[in-house]
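Below is one structure; the comments refer to it alone.
Residue numbers run from 1 in the order of the sequence given. All values derive from a computational prediction rather than experimental measurement.
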Amino acid sequence: MEEEGRRRSDDEYTEDGTVDLKGKPILKSKTGRWKACSFVVVYEIFERMAYYGISSNLILYLTKKLHQGTVTSSNNVTNWVGTIWITPILGAYLADAHLGRYWTFILSSIIYLLGMCLLTLSVSLPSLKPPECHELDVTKCEKASTLHLAVFYGALYTLALGTGGTKPNISTIGADQFDDYDPKEKKYKLSFFNWWMFSIFIGTLFANSVLVYIQDNVGWTLGYGLPTLGLAISVAIFLAGTPFYRHKLPTGSPFTKMAKVIVAAIRKWNIPIPSDTKQLYELDLEEYAKKGRVKIHPTPTLRFLNKACVKTDSSASGWKLSPVTHVEETKQMLRMIPILVATFIPSAMVAQIGTLFVKQGITLDRGIGSFNIPPASLSTFVTLSMLICVVLYDRFFVKIMQRFTKNPRGITLLQRVGIGLIIHIVIMVIASLTERYRLRTAKEHGLVANGGEVPLSIFILLPQYILMGTADAFLEVAKIEFFYDQAPESMKSLGTSYSMTALGIGNFLSTFILSTVSHVTKKHGHHGWVLNNLNASRLDYYYALLAILNLLNLVFFMVVAKFYVYRAEISDSIKVLGEELREKTSNQVIPRD
């Protein structure tokens with residue numbers, strides 16, 4: 001009886017190494033699951049409202065208030081957004097190596113909130129911005145001074161530094177609330193990232209509709225003040241859920257660990273790998289058990305790195321000898337890099353939503369009766385499309401595909417990414433054709449030279465916005481889940497930062513492409529494709545170029561996806577789900593007597 005009671009008591013504790021804030025084992029029944037995730041998801045709604053309340057309409061503030069041209073303002077937006085998505089690498093390092101996810105998140109939230117407060121001040125005080133100007137050509141207006149730009153961009157990049165610690169850790173904290181060794185919790189985890197994206201886009205929906213309208217029609221002080229208040233509320237909500245969170249202990253710097261493996265393999269490049277894998281260096285199982293980590297067996301992929309765990313007489317130091325598990329963890333992170341590269345181009349396409357798509361909207365008829373639609377608010381349709389598609393995907397598409405594939409996810413994560421890439425090609429083709437129609441109408445009405453409003457409804461841009469949301473439902477959700485799922489247990493924050501790094505590099509890539517095209521197309525006396533006057537520009541050519549880049553990227557993705565080897569599951573819970581699914585399917589097809 002005592003043994004059964006003890007066994008039952010042990011079963012109540014999590015099996016994936018999660019602990020409480022004090023580092024003690026934690027009970028399943030009182031922590032984690034959707035009870036804990038509810039605080040994380042609600043946090044994300046308010047935080048996304050804050051972030052998109054700034055980023056969605058930023059290009060109009062740079063144009064109307066700081067008097068910057070089309071290329072300059074677009075590039076300043078993409079450079080800032082790129083920084084927003086690159087800094088999570090630092091946050092992931094800090095979390096995995098030193099502070100842990102929870103404390104890294106708390107510290108970063110304080111920096112984030114300080115940046116938002118400073119930004120609200122910079123748009124509110126007349127002394128921190130240039131005087132009003134109503135010229136159609138903003139290059140004729142008084143430029144922002146060095147002080148104006150220093151305060152404004154100082155606030156933006158302080159905010160970016162703060163998000164570097166919140167972004168890679170908040171979704172990881174949410175996913176950590178489900179025990180991989182519990183089949184029931186593993187099943188919940190498969191749906192977590194779909195509902196995670198759902199929460200993101202609820203916040204985005206409010207920002208792109210209500211906040212954008214306030215900024216355009218009421219004022220920037222209130223338009224930025226509300227997101228700042230929203231961020232403060234979101235942090236308070238997260239803190240309220242602290243007693244229910246499960247935590248994973250920091251396991252040391254993933255970068256140092258990976259560097260040691262690579263250096264050790266290079267230093268022993270001429271040493272043969274023994275055919276018996278038992279001769280390779282590995283720590284005792286107890287060493288991993290103490291830290292709540294998982295021991296990984298050697299694999300044949302990227303075999304050169306196995307040299308790092310070949311024992312020699314002089315390989316006593318960490319830079320000459322690494323255990324098998326460290327080598328396999330390094331392999332897992334390196335195997336994902338080609339997939340990461342394949343997401344750069346579509347991430348550059350996402351950058352168009354907050355830049356050139358908005359600039360297009362300014363040139364069109366935005367009136368519905370006496371009401372003028374803010375051009376940035378069309379992003380609402382990206383959100384709505386995303387919300388609808390995620391729900392349909394999770395509730396219907398997955399269940400339909402399970403019947404054919406017997407895969408608990410319906411289709412593989414890389415197949416989901418591939419569908420998103422195909423949709424991105426369609427988006428840019430439609431955007432190019434729509435822009436050609438807009439330019440033809442502008443020419444017919446003699447609006448090319450003066451850059452006047454084209455007598456077409458802003459809703460002609462809807463298809464490209466709606467399809468962008470559909471693409472996100474496939475690509476962005478799958479990308480986040482893929483990099484989290486495929487990262488080793490000790491590098492989950494770094495894995496999550498991969499998906500954000502893709503968005504960051506995509507934005508910098510957008511800056512590079514736009515600057516290069518603008519420069520090259522103006523050479524030798526040519527008119528140029530991207531001008532301050534969009535009616536005299538050739539954005540249709542630019543979008544066609546992006547469609548071609550997407551097509552080439554799809555070919556590259558298909559090649560790297562074909563050779564990608566999925567990480568072995570650390571538990572048998574996913575197998576249990578698959579077996580249950582197969583049994584359920586077979587029972588449905590057995591005829592009744």
Inset, instruction - Taking the six-membered ring for Trp and the single ring otherwise, decide whether the centroids of Phe482 and Tyr498 are under 6.0 Å apart. - result: no

Legend entry - Aromatic ring proximity Trp529/Tyr541, centre distance under 6.0 Å: yes

Inset, instruction - Walk me through it: do Ile513 and Ser510 pass the test side-chain contact (heavy atoms from CB on, under 4.5 Å)? - result: CA-CA 5 Å; Ile513 295 172; Ser510 176; 5.9 Å; no

Under 3.5 Å donor-acceptor, [X] side chain and [Y] backbone:
| X | Y | result |
| --- | --- | --- |
| Ser432 | Met428 | no |
| Arg416 | Ala473 | yes |
| Ser234 | Leu231 | yes |
| His445 | Thr441 | yes |
| Asp394 | Val390 | no |
| Thr104 | Gly165 | no |
| Ser347 | Ala502 | yes |
| Thr380 | Asn208 | yes |
| Asn550 | Leu546 | yes |
| Ser385 | Thr470 | yes |

Inset, instruction - Might you work through the side-chain hydrogen bond (donor to acceptor under 3.5 Å, both in side chains) test for Thr242 and Tyr102, ending with a clear yes or no? - result: CA-CA 9 Å; Thr242 298; Tyr102 180 86; 2.8 Å; yes

Would you mind reporting whether [Y] and [X] have side-chain heavy atoms less than 4.5 Å apart?
| X | Y | result |
| --- | --- | --- |
| Asp216 | Pro375 | yes |
| Thr78 | Val81 | no |
| Lys359 | Thr63 | yes |
| Lys65 | Pro130 | no |
| Phe459 | Leu378 | yes |
| His67 | Leu62 | no |
| Gln464 | Ile353 | no |
| Leu211 | Pro227 | yes |

Is the number of heavy atoms from other residues, nucleotides or ligands under 6.0 Å of [X] [atom1] greater than 12?
| X | atom1 | result |
| --- | --- | --- |
| His519 | NE2 | no |
| Lys443 | NZ | no |
| Tyr437 | OH | no |

Inset, instruction - Verify whether one side chain among Asn79 and Thr511 offers a donor that lies under 3.5 Å from an acceptor in the other. - result: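 The answer is yes; a qualifying pair exists.
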
Legend entry - Test item: side-chain donor near acceptor, Asn75 and Ser515, under 3.5 Å: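 Present: a donor and an acceptor within the cut-off.
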
Parallel, tilted or perpendicular for [X] and [Y], by the 30°/60° rule?
| X | Y | result |
| --- | --- | --- |
| Phe371 | Tyr213 | parallel |
| Tyr224 | Trp220 | perpendicular |
| Tyr93 | Phe255 | tilted |

Taking all non-hydrogen atoms of both residues into account, name the closest pair between [X] and [Y] and its distance.
| X | Y | value |
| --- | --- | --- |
| Leu156 | Ile54 | CD2-CG2, 4.2 Å |
| Gly354 | Val77 | O-CG1, 4.4 Å |
| Asn535 | Gly452 | ND2-O, 2.9 Å |
| Ala351 | Asn507 | CB-OD1, 3.4 Å |
| Arg538 | Asp540 | NH2-OD2, 2.5 Å |

Which distance, rounded to the nearest 0.5 Å, do you find between the [atom1] of [X] and the [atom2] of [Y]?
| X | Y | atom1 | atom2 | answer |
| --- | --- | --- | --- | --- |
| Gln360 | Tyr543 | CD | OH | 3.5 Å |
| Asn532 | Thr70 | CG | OG1 | 4.5 Å |
| Leu414 | Lys479 | CG | NZ | 13.0 Å |
| Lys64 | Gln215 | NZ | CD | 11.0 Å |
| Thr204 | Glu44 | OG1 | CD | 8.5 Å |
| Ile84 | Thr87 | CD1 | OG1 | 6.0 Å |

Inset, instruction - Could you check Val454, Ile362, Leu539, Leu439 and say which one makes a side-chain contact (heavy atoms from CB on, under 4.5 Å) with Leu534? - result: Leu539

Inset, instruction - Before giving the answer on side-chain contact (heavy atoms from CB on, under 4.5 Å), spell out for Ile59 and Ser74 the whole-Å C-alpha distance, their side-chain angles and the decisive distance to 0.1 Å. - result: CA-CA 6 Å; Ile59 191 167; Ser74 296; 3.5 Å; yes

Legend entry - Stepwise side-chain contact (heavy atoms from CB on, under 4.5 Å) check, Leu159 with Trp80: CA-CA 10 Å; Leu159 184 162; Trp80 174 69; 3.7 Å; yes

Inset, instruction - Take Phe381 and Tyr465 through the ring pair (Phe, Tyr, Trp, His ring centres under 6.0 Å) test and state the conclusion after the steps. - result: CA-CA 6 Å; Phe381 290 96; Tyr465 278 96; 7.8 Å; no

Inset, instruction - Please lay out, stage by stage, how Leu549 and His424 fare under the test side-chain contact (heavy atoms from CB on, under 4.5 Å). - result: CA-CA 10 Å; Leu549 290 177; His424 270 290; over 6 Å; no

Inset, instruction - Determine, for Glu453 against Arg366, whether the closest basic-nitrogen to carboxylate-oxygen distance falls under 4.0 angstrom. - result: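 No.
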
Legend entry - Arg48 to Phe206, cation-pi by 6.0 Å centre distance and 45° axis angle: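 Verdict for Phe206: no cation-pi partner in Arg48.
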
Legend entry - Geometric cation-pi criterion Lys167 and Tyr51, 6.0 Å radius, 45° cone: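 Output yes; distance and angle both within limits.
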
Inset, instruction - Just do the ring pair (Phe, Tyr, Trp, His ring centres under 6.0 Å) check on Phe105 and Tyr43 with the steps written out, would you? - result: CA-CA 12 Å; Phe105 175 84; Tyr43 160 86; 5.1 Å; yes

Inset, instruction - Test ring pair (Phe, Tyr, Trp, His ring centres under 6.0 Å) on Tyr61 and Phe152 and set out the steps. - result: CA-CA 11 Å; Tyr61 187 86; Phe152 185 77; 5.1 Å; yes

Legend entry - Worked check of side-chain hydrogen bond (donor to acceptor under 3.5 Å, both in side chains) between Ser209 and Ser377: CA-CA 5 Å; Ser209 53; Ser377 68; over 6 Å; no

